[in-house]
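Beneath this line is the structure, given in structure tokens, with notes to follow.
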2 protein chains.
Amino acid sequence: MSRNKVNYALIEDASYRKVSYNKRMKGILKKSDELKTLCDVEVATVIYGPYRNEPYTFPNNDVVRNTFIKVKELPTLERSKNMVTREEFTMQITSKGKEGK
Amino acid sequence: MSRNKVNYALIEDASYRKVSYNKRMKGILKKSDELKTLCDVEVATVIYGPYRNEPYTFPNNDVVRNTFIKVKELPTLERSKNMVTREEFTMQITSKGKEGK
DNA sequence: GATTCTATTTATAAACT
DNA sequence: TAGTTTATAAATAGAAT
């Protein structure tokens, strides 16, 4: 964004890529924190790249672990497709789905 | 952002809070996708709130699970504090830390 | 209540230090 | 080459639909 439009592709220049990474990391973490506070939802993010040996966790390792546990039982991609189909079917037989978005 | 500055606090009005949640969710997912593409890093995000029964995963359940494995072995908050201290100590005895950030 | 519009704030690419 | 500044693109709060 800014002085020029951003091209949606890998930034070829390594040093500029790192500068961009640092700025954007900061931006995403701020946005995540805002979402959590403004809308009262749980947000857990892990970013893993060549700039640190360990993955970066937001807001911290413990919250990430707690939140990610909820994902354990979720379907794999293959099963997920079936689930959606089932959901859509349920939507059809009930007048309206009850979940938000 | 926008017509008015955002107040860093829970949005009291539930319907407006949901509208804001939808907009900001979309924004964060876009930013995450951009970071991944522009800077070639792994990003995994889980958002869990009252608007869905299941946690929302980005980019999908499988990637989140894979990334989560890397976080399993990371220290807890308590141990983390010690780690930082140790890192700082290492920084002191070596002229310069070698990690990015 | 969801979708579109628009004024304004916020994020950030490039320049500069 | 990390921090600061500035011009501009992008996100989004509130309004309109």
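In what follows, every chain begins at residue 1, and chains take the letters A, B, ... in the order their sequences are listed. As a basis for the values below, the full set of heavy atoms in this structure was taken, side chains included, without hydrogen atoms, waters or symmetry mates.
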Task: D:dT12 OP1/OP2 closer than 4.0 Å to side-chain N/O of A:Lys31 - done: yes

Task: Short side-chain to backbone donor-acceptor contact, B:Asp62 and A:Thr76, under 3.5 Å - done: no

Open item on the list: Please list all pairs meeting ring pair (Phe, Tyr, Trp, His ring centres under 6.0 Å) that have one or both residues in residues 18-43 of chain B, counting only residues at least two apart or in different chains.
Closed with: B:Tyr21-B:Tyr51

Open item on the list: Output the rounded distance in Å from CD1 (B:Ile11) to P (D:dT12).
Closed with: 11 Å

Open item on the list: Rounded to whole Å, please give me the gap between CG in B:Asp33 and P in D:dA10.
Closed with: 15 Å

Open item on the list: For a quick check of understanding: with a heavy-atom distance under 4.0 Å over all strands, which category does B:Lys26 fall into, base, sugar-phosphate or nothing?
Closed with: nothing

Open item on the list: Check this for me, if you would: do A:Lys36 and A:Glu42 make a salt bridge, where the nitrogen-to-carboxylate-oxygen distance has to be below 4.0 angstrom?
Closed with: no

Task: Length of the CG-P vector between B:Leu29 and D:dA10, whole Å - done: 18 Å

Open item on the list: Whether A:Ser20 contacts C:dA13 is assessed here as follows: a side-chain N or O lying under 4.0 Å from the phosphate OP1 or OP2. Is that the case?
Closed with: yes

Open item on the list: Which residues pass the side chain to side chain donor-acceptor pair (under 3.5 Å) test with A:Asp33, not counting sequence neighbours?
Closed with: B:Tyr8

Task: Distance in angstrom units between B:Asn7 CG and C:dT9 P, rounded - done: 15 Å

Task: Distance in angstrom units between B:Arg24 CZ and D:dT12 P, rounded - done: 6 Å

Task: Quiz item: B:Ser2 side-chain donor-acceptor pair to D:dA13 base, under 3.5 Å - done: yes

Task: CG-OG1 distance between B:Leu35 and A:Thr45, expressed to the nearest 0.5 angstrom - done: 10.5 Å

Open item on the list: Please determine whether a side-chain nitrogen or oxygen atom of A:Asn4 lies at a distance below 4.0 Å from atom OP1 or OP2 of C:dA14.
Closed with: yes

- [ ] Would you indicate which nucleotide in C:dA7, C:dA11, C:dA14 comes nearest to any side-chain atom of A:Tyr16?
- [x] C:dA14

Open item on the list: Regarding D:dT12, can its base be found pairing with the side chain of B:Arg3 as donor and acceptor, where the two atoms are less than 3.5 Å apart?
Closed with: no

- [ ] Return no unless some side-chain N or O of A:Lys30 is found under 4.0 Å from OP1 or OP2 of C:dA11.
- [x] yes

Task: B:Tyr51 OH to C:dG1 C1', straight-line distance once rounded to whole Å - done: 13 Å

Task: Spacing of A:Glu34 atom CD relative to D:dA10 atom P, expressed in whole Å - done: 19 Å

Task: Atom-to-atom span, NZ of A:Lys23 to P of D:dT8 - whole angstrom - done: 15 Å

Task: Residue B:Lys18, side-chain heavy atoms: nucleotide from C:dA13, C:dA2, C:dT6 that is nearest - done: C:dA2

